[in-house]
Undergrad: 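Right, I'll just put the structure down here and ask away after.
Ligands are counted one by one from 1 in listed order, and the atoms in each one are counted from 1 as well. FYI, the numbering just counts along the sequence from 1. This is a predicted model, so every value here is computed, not measured. All values below were derived from every heavy atom in this structure, side-chain atoms included, with hydrogens, water molecules and symmetry-related copies excluded.
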Amino acid sequence: MRQQIAAANWKMNLTFDQAENLLDEILKVPHDLQAHQKVVFAIPFPYLQFAQNKISEIRNFFTAAQNCYTQSRGAYTGETSAEMLQSIGVGYVVLGHSERREYFGESNAMLEEKVAMALTYSLTPIFCCGEPLQIRESGAQNGYVEKQLKESLFNLHEEQIQKVVIAYEPIWAIGTGKTATAAQAQEMHAHLRKVLAGKYGDIIAGEIPILYGGSVKGNNAKEIFSQPDVDGGLVGGASLIAADFTQIIDALK
Ligand code: 13P
């Protein structure tokens with residue numbers, strides 16, 4: 001059965017005390033998830049080990065990093081490797097977020113290297129893709145997002161692509177309060193699954209989780225997640241509010 005994931009992307013938010021409180025608030029609620037339903041917290045690097053210790057015993061809960069480097073180790077001041085993340089038990093890594101593409105110049109080619117590195121160290125990449133507003137307005141979004149997938153993922157072998165999670169995040173919906181409609185999300189997710197099927201076949205494409213991200217809130221998650229090709233969400237702002245993120249986790253059910 002295809003996995004469903006509620007993923008929190010805290011981005012560069014929260015002090016340590018705030019992070020601890022938020023996790024405690026969310027974890028004190030019994031979530032009672034099924035085996036194929038997961039909750040992932042993409043946490044700032046300084047708190048990852050702490051968060052990992054806190055949730056490692058909780059079934060179906062995992063930590064993620066928000067980035068990793070293209071190399072395993074060496075003289076790369078300020079960078080963090082997939083090997084380091086694996087060594088503290090982190091399970092996932094968000095790669096190719098539009099903020100990293102825009103502010104840190106991450107290209108499809110660089111992301112191809114990062115995805116490969118994550119897989120080498122048994123991290124599940126949450127590979128982000130999504131179009132800017134002007135591409136959406138010109139109607140060229142399907143081809144744009146398809147290119148991101150092809151250039152970063154399509155050199156993976158069959159057994160590798162099955163370990164990837166995709167997050168479709170239209171840039172115009174990130175942090176704007178303007179979510180894609182459930183129908184727009186479904187349309188793009190179905191398109192991406194078709195593109196994946198063209199390369200890897202229907203069975204493998206049918207098993208790859210595709211999350212939606214962009215102004216997911218407690219009160220719209222259920223409708224978005226109910227779409228047949230939407231397998232959960234990657235959540236920014238609302239993941240910083242315990243009640244909201246709890247509602248989003250419950251929307252998986
Ligand atoms: P918002 O939920 O704040 O729109 O952010 C989405 C996002 O970028 C998650 O990675």
Undergrad: Mark yes when over 12 heavy atoms from residues, nucleotides or ligands other than E159 sit less than 6.0 Å from its CD; otherwise mark no.
TA: yes
Undergrad: Can you pull out the closest protein heavy atom to atom 3 (O) of ligand 1? Residue, atom name and distance to 0.1 Å, please.
TA: G237 N, 2.8 Å
Undergrad: A quick test of your reading: do over 12 heavy atoms of other residues, nucleotides or ligands sit less than 6.0 Å from NZ of K163?
TA: no
Undergrad: Test: side chain to side chain donor-acceptor pair (under 3.5 Å). Region: residues 81-96. Which pairs qualify, not counting sequence neighbours?
TA: R73-E83
Undergrad: So for atom CD, which belongs to Q162, do other residues, nucleotides or ligands contribute more than 12 heavy atoms lying within a distance under 6.0 Å?
TA: yes
Undergrad: Under 6.0 Å between the ring centres of F245 and F41?
TA: yes
Undergrad: Could you work out, with side chain to side chain donor-acceptor pair (under 3.5 Å) as the rule, every residue matching Q227, not counting sequence neighbours?
TA: none
Undergrad: With a 6.0 Å cut-off (strictly less than), is the heavy-atom count around NZ of K253, excluding the residue itself, greater than 12?
TA: yes
Undergrad: Please verify whether a non-hydrogen atom of A173 lies at under 4.0 Å from ligand 1.
TA: yes
Undergrad: Tell me, which protein residue and heavy-atom name are nearest atom 5 (O) of ligand 1, and how many Å apart are they?
TA: K11 NZ, 3.4 Å
Undergrad: Does at least one non-hydrogen atom of S215 fall below 4.0 angstrom from an atom of ligand 1?
TA: yes
Undergrad: Based purely on interatomic distance, does T176 place a nitrogen or oxygen under 3.5 Å from a nitrogen or oxygen of ligand 1?
TA: no
Undergrad: Is the contact between N9 and ligand 1 made by the side chain, the backbone, both, or neither, using heavy atoms and a 4.0 Å cut-off?
TA: side chain
Undergrad: Using a strict cut-off of 4.0 Å, indicate which atoms of ligand 1 neighbour a heavy atom of H97.
TA: 7 (C), 8 (O), 9 (C), 10 (O)
Undergrad: After noting the C-alpha distance and the side-chain angles of Y168 and Q184, does the key distance pass the side chain to side chain contact (heavy atoms under 4.5 Å, CB included) rule?
TA: CA-CA 11 Å; Y168 168 59; Q184 283 173 321; over 6 Å; no
Undergrad: Any atom of ligand 1 sitting under 4.0 Å from a heavy atom of K217?
TA: no
Undergrad: Under a 4.5 Å cut-off applied to non-hydrogen side-chain atoms, are Y212 and F225 in contact?
TA: no
Undergrad: For ligand 1, is there an N or O atom under 3.5 Å from any N or O atom of A238?
TA: no
Undergrad: At less than 4.0 angstrom from any non-hydrogen atom of E169, what atoms of ligand 1 do you find?
TA: 6 (C), 7 (C), 8 (O), 9 (C), 10 (O)
Undergrad: Can you name the atoms of ligand 1, numbered from 1 with element, that are less than 4.0 Å from a heavy atom of G214?
TA: 4 (O), 6 (C)
Undergrad: For G175, take its heavy atoms, then give the atoms of ligand 1 lying under 4.0 Å from any of them.
TA: 1 (P), 3 (O), 4 (O)
Undergrad: Considering heavy atoms of the protein only, find what lies nearest to atom 2 (O) of ligand 1 and give residue, atom and distance to 0.1 Å.
TA: G236 N, 2.9 Å
